[in-house]
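In what follows, a single structure is set out as structure tokens and then discussed.
Model, not experiment: these values are computed from the prediction.
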Amino acid sequence: LLTVDFSFVPGFGPFGEHAVNASWIAVQELEKLGLRGGVDLHVYEVPVEYQAVQRLIPALWKKHSPQLVVHVGVSGMATTVTLEKCGHNVGYKGLDNCRFCPGSQCCIEGGPECIDSIIDMDAVCRRVSALGLDVAVTISKDAGRYLCDFTYYTSLYQSCGRSAFVHVPPLGKPYSAEQLGRALQAIIEEMLNVMEHPEDKINCQHEH
């Protein structure tokens, strides 16, 4: 049994064509709704900047020592709420809001190519879908090799896999802020349930 003391949920700030970032709006809706009793929820807005992520994510883990971190980002290509299974270390060529890109094009030099979340995303997807929400939830193994993927990998590396990432579509395409907030609430509560009562034995391991 894994007791979850609290989680914190970072959403991203504006970037590119996303003058209003649906992920941060959705996280603010989640904050209004709250989570089940006994879960202390902290939310943060993360700048769309590689160097800020490299400073902020380890600092937040050190400050809070949470049992779970759920990152939320927007994807212009998404039409569903998407649970990301893993983060990737290399392939970061896109410039951030500061027109910066890591020279090494990787998150952690010498780190494994891919790190899986310890959370069984397939189980979470099944459980949330069974709730009958008016939001479709799907699974992905590719978070996009931009700040979302970069942040996810950084957090997974820091936490030995005790992180998750949820991609949401832009507002109104097709879901409202309220729908996304309710979906995040359901997803995170099911993630906590899966951590406490896994369907299969979950091992924390880095995949090469």
Side-chain angles (χ1 to χ4, degrees), residues 2-13 15 21 23-24 27 30-31 35 39-75 82-92 94 96-98 100-121 124 140-168 184 187-188 191-192 194-196 198 202-208:
L2 176 60
T3 302
V4 178
D5 298 316
F6 54 79
S7 59
F8 65 83
V9 181
F12 284 96
F15 69 99
N21 193 317
S23 69
W24 179 236
V27 167
L30 168 66
E31 188 175 26
L35 294 172
V39 179
D40 188 6
L41 175 67
H42 299 262
V43 303
Y44 293 88
E45 185 176 21
V46 178
V48 182
E49 302 169 13
Y50 293 106
Q51 290 175 309
V53 166
Q54 287 177 320
R55 290 191 305 269
L56 182 61
I57 298 305
L60 288 176
W61 273 99
K62 184 176 181 180
K63 178 181 179 180
H64 293 292
S65 298
Q67 291 298 321
L68 174 66
V69 175
V70 182
H71 301 275
V72 185
V74 66
S75 169
T82 308
L83 310 181
E84 299 290 348
K85 286 190 168 188
C86 56
H88 301 88
N89 193 25
V90 299
Y92 296 93
D96 65 14
N97 279 358
C98 294
F100 174 82
C101 174
S104 62
Q105 297 182 0
C106 79
C107 299
I108 308 290
E109 292 195 40
E113 164 60 24
C114 178
I115 303 176
D116 285 347
S117 173
I118 67 166
I119 296 169
D120 184 342
M121 297 300 177
V124 173
S140 165
K141 294 183 178 180
D142 184 359
R145 299 305 202 285
Y146 190 49
L147 264 297
C148 290
D149 212 345
F150 189 89
T151 300
Y152 194 18
Y153 184 93
T154 302
S155 191
L156 287 165
Y157 188 89
Q158 188 77 24
S159 66
C160 195
R162 284 184 293 111
S163 301
F165 199 104
V166 181
H167 262 126
V168 299
L184 285 181
I187 286 165
I188 293 169
M191 286 179 176
L192 299 179
V194 165
M195 289 180 76
E196 292 171 352
I202 298 174
N203 295 311
C204 177
Q205 62 183 9
H206 291 174
E207 283 201 356
H208 294 265

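Residue Q54 holds its CD atom at 7.5 Å from SG of C107, rounded to the nearest 0.5 Å. From D96, atom CG reaches atom CD of Q51 across 7.5 Å, with rounding to the nearest 0.5 Å. To the nearest 0.5 Å, atom CD1 of residue I187 and atom CD1 of residue I119 are 11.0 Å apart. Separating the CG atom in L56 from the OG1 atom in T151 is a distance of 9.0 Å, to the nearest 0.5 Å. One finds the OG atom of S23 at 12.0 Å from the CG atom of L30 (value rounded to the nearest 0.5 Å).
Every residue meeting the ring pair (Phe, Tyr, Trp, His ring centres under 6.0 Å) condition with Y152, not counting sequence neighbours, appears here in chain and number order: F165. The side-chain hydrogen bond (donor to acceptor under 3.5 Å, both in side chains) test applied to S163 returns S155, S159, not counting sequence neighbours. In this structure, the ring pair (Phe, Tyr, Trp, His ring centres under 6.0 Å) partners of F150, at least two apart in sequence or on a different chain, are Y50, Y92. The side chain to side chain contact (heavy atoms under 4.5 Å, CB included) search around E31 returns V43, not counting sequence neighbours. Applying the side chain to side chain contact (heavy atoms under 4.5 Å, CB included) criterion to A143, with sequence neighbours excluded, gives E84, D149, H167.
Using a 4.5 Å cut-off on side-chain heavy atoms (C-beta onward), V69 and I57 make no contact. No side-chain heavy atom of I115 sits less than 4.5 Å from a side-chain heavy atom of N89. Contact check for T82 versus V166: no side-chain heavy atoms found under the 4.5 Å cut-off. A 4.5 Å side-chain heavy-atom check between M195 and I118 finds at least one atom pair inside the cut-off. H71 places none of its side-chain heavy atoms less than 4.5 Å from the side chain of V53. The closest side-chain heavy-atom distance from M191 to L83 is below 4.5 Å.
Of all the heavy atoms in E113 and Y153, the pair that sits closest is O-CE1, 4.1 Å. Smallest separation of non-hydrogen atoms from D116 and C114: OD1-SG, 4.0 Å. A164 approaches M121 most closely through the heavy-atom pair CB-CE, 3.6 Å.
When atom types are taken as modelled, the side chain of R145 and the backbone of G94 share no donor-acceptor pair closer than 3.5 angstrom.
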